[in-house]
Amino acid sequence: MESLQARVLGALGRFPHPRLGTDLLSSGTARDIVVDQATGHVSLTVLLGRDDPATLVRETRAMLRAIEGVTEVKLQVRDPAGPPKPTHQPPAGPQSAAAGMPAPQPVPAPSLGAIIAVSSGKGGVGKSTVAANVAVALAQQGYRVGLMDADVYGPNIPRMFGVFEKPMVAGGRIQPLEAHGVKLMSIGFLVDRDAPAIWRGPIIMKVIQQFLRDVEWGELDFLLVDMPPGTGDAQLSLVQSVPVAAALIVTTPQEVAVGDALRGARMFEKVGVPVAGIIENMSGFTDPETGKRFELFSSGGGARLAAEVGAPLLGQVPLQPGLADAADRGQPVVLAAPQSAAAAALREVAASVAQQLAGRAVELPVIHG
Ligand SMILES: Nc1ncnc2c1ncn2[C@@H]1O[C@H](COP(=O)(O)OP(=O)(O)O)[C@@H](O)[C@H]1O
Ligand SMILES: [Mg+2]
């Protein structure tokens, strides 16, 4: 059974906006959505413009009340053109272009330790592979590690860790799942496989904030965040929600135009998040028999990107036969083939991440043996 929140968000995502031609979710018409799984209370704000039919509010309420498990709907109506709520003075800060409202300011979360975004320009370059293996390697080194899957479009952390349960909610807090010594949270635990495509804009912000604030992570040394590719809503939401200690950018050797990856790196720098390093993945192939290394693609993408960004190249992870199959069975390569060149490279990345951030972070990560 889907969680109540998933049902409510799904219903809002399917509900057509009478004027905008999209749905209530993607249009941002329904916002500030809070779903209390325990009591069935739903509260939300509905933006009702001058030209919108007033019946929209009634219909939205009726639609939500009809959802199984919903016991009460608190709906606040706001004029999108009207003045922002005068309950508090908006702090001076970067403006969110879309809404014309002040961008939310990051709220420190010292118990989460050093928050590290794992990002890339393109999909399929190995972000999730790097995030998963660095997380496991850090846990093996004795650190307390969380891994948050912020790839709302294609969450694959559940499969990579072989975990498919629904998280429990206790005392109003979502309990992360745990595998290979790493605490995990993913949208993939909460919604059906095909549902995430509808999670756009404001709702991504909600999901990311909820994952940061309403999940019982406990005390962590590191929280790795597996991002979707590019520089979209998830990246923006993350950096607006919490202070991010560093970004890791994953690229492949043959990305001739390092353009996308570079844009990704610049985006983090622009908001004051340093790029801790570049990881070149699928970097050649080492024959397991002879140890001989082959370059399969025009190489050097990682080094070029590192030079452009002015960040270190933390590792070159070779193509590893069997890595994908093991990953699909829930076994990251540092566990499935710890002797492999790929595992060694990923462990090295983890070690430099630990070293860099332990030397610099205010919330000093310490080893718990
Ligand atoms: N070094 C590698 N050797 C072999 N297969 C890899 C390697 N890195 C990633 N893969 C495989 O490539 C695919 C894409 O990797 P993934 O980590 O899911 O990329 P992303 O998160 O950037 O979309 C997956 O099937 C993964 O198992
Ligand atoms: Mg991924």
Side-chain angles (χ1 to χ4, degrees), residues 116-137 147-163 180 182 184-189 193 196-197 199 204 208 211 224-235 238 247-255 258 260-261 263-265 278-288 293-297 299 301-302 305 313-350:
I116 302 167
V118 183
S119 204
S120 74
K122 291 196 302 190
V125 300
K127 262 180 320 301
S128 301
T129 302
V130 168
N133 282 285
V134 168
V136 171
L147 174 54
M148 171 174 143
D149 186 356
D151 192 342
V152 286
Y153 309 105
N156 40 32
I157 291 304
R159 184 169 39 85
M160 285 187 166
F161 280 78
V163 174
H180 310 319
V182 177
L184 305 168
M185 184 48 59
S186 169
I187 202 77
F189 296 145
R193 195 156 159 46
W199 301 54
I204 290 179
I208 288 195
F211 278 8
L224 283 118
V225 186
D226 183 17
M227 308 300 299
T231 55
D233 292 319
Q235 278 79 358
L238 179 70
L248 295 175
I249 309 288
V250 182
T251 185
T252 56
Q254 73 273 35
E255 273 192 77
V258 283
D260 289 342
R263 255 190 300 283
I278 310 296
I279 293 114
E280 183 180 84
N281 187 33
M282 311 192 190
S283 171
F285 169 69
T286 305
D287 184 342
R293 188 182 154 92
F294 299 93
E295 302 296 334
L296 299 184
F297 308 105
S299 56
L305 181 62
L313 180 61
L314 293 185
Q316 291 180 292
V317 183
L319 266 170
Q320 173 73 30
L323 182 151
D325 284 343
D328 285 348
R329 291 194 312 270
Q331 290 290 315
V333 68
V334 294
L335 295 173
Q339 319 293 359
S340 64
L346 286 158
R347 270 196 306 271
E348 222 167 280
V349 172

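First listed ligand is number 1; within each ligand, the first listed atom is number 1. Keep in mind that this is a model prediction, so the values were computed, not measured.
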Closest non-hydrogen atom pair between S120 and I249, with its separation: CA-CG2, 4.5 Å
What atoms in ligand 1 come closer than 4.0 Å to a heavy atom of [X]?
X	value
L319	1 (N), 3 (N), 4 (C)
M160	17 (O), 18 (O)
N156	18 (O)
G124	14 (C), 19 (O), 20 (P), 22 (O), 23 (O)
M282	8 (N), 9 (C), 10 (N), 12 (O)
N281	1 (N), 2 (C), 7 (C), 8 (N), 9 (C)

Looking at [atom1] of [X] and [atom2] of [Y], how far apart are the two atoms once the value is rounded to the nearest 0.5 Å?
X	Y	atom1	atom2	value
L346	L314	CG	CG	11.0 Å
M227	D151	CE	CG	8.5 Å
D226	L248	CG	CG	11.0 Å

Closest to atom 1 (N) of ligand 1 among A342, P318, G126 (heavy-atom distance): P318
From the candidates S340, A132, A324, the one that places a heavy atom nearest atom 27 (O) of ligand 1: A324
contact_flag S283 ligand 1 heavy-atom lt 4.0 Å: no
Any N/O pair D226/ligand 1 closer than 3.5 Å: no
Flag, side chain of N133 to backbone of V334, donor-acceptor distance under 3.5 Å: yes
Short N/O/S contact of S128 with the Mg ion (ligand 2) (below 2.8 Å): yes
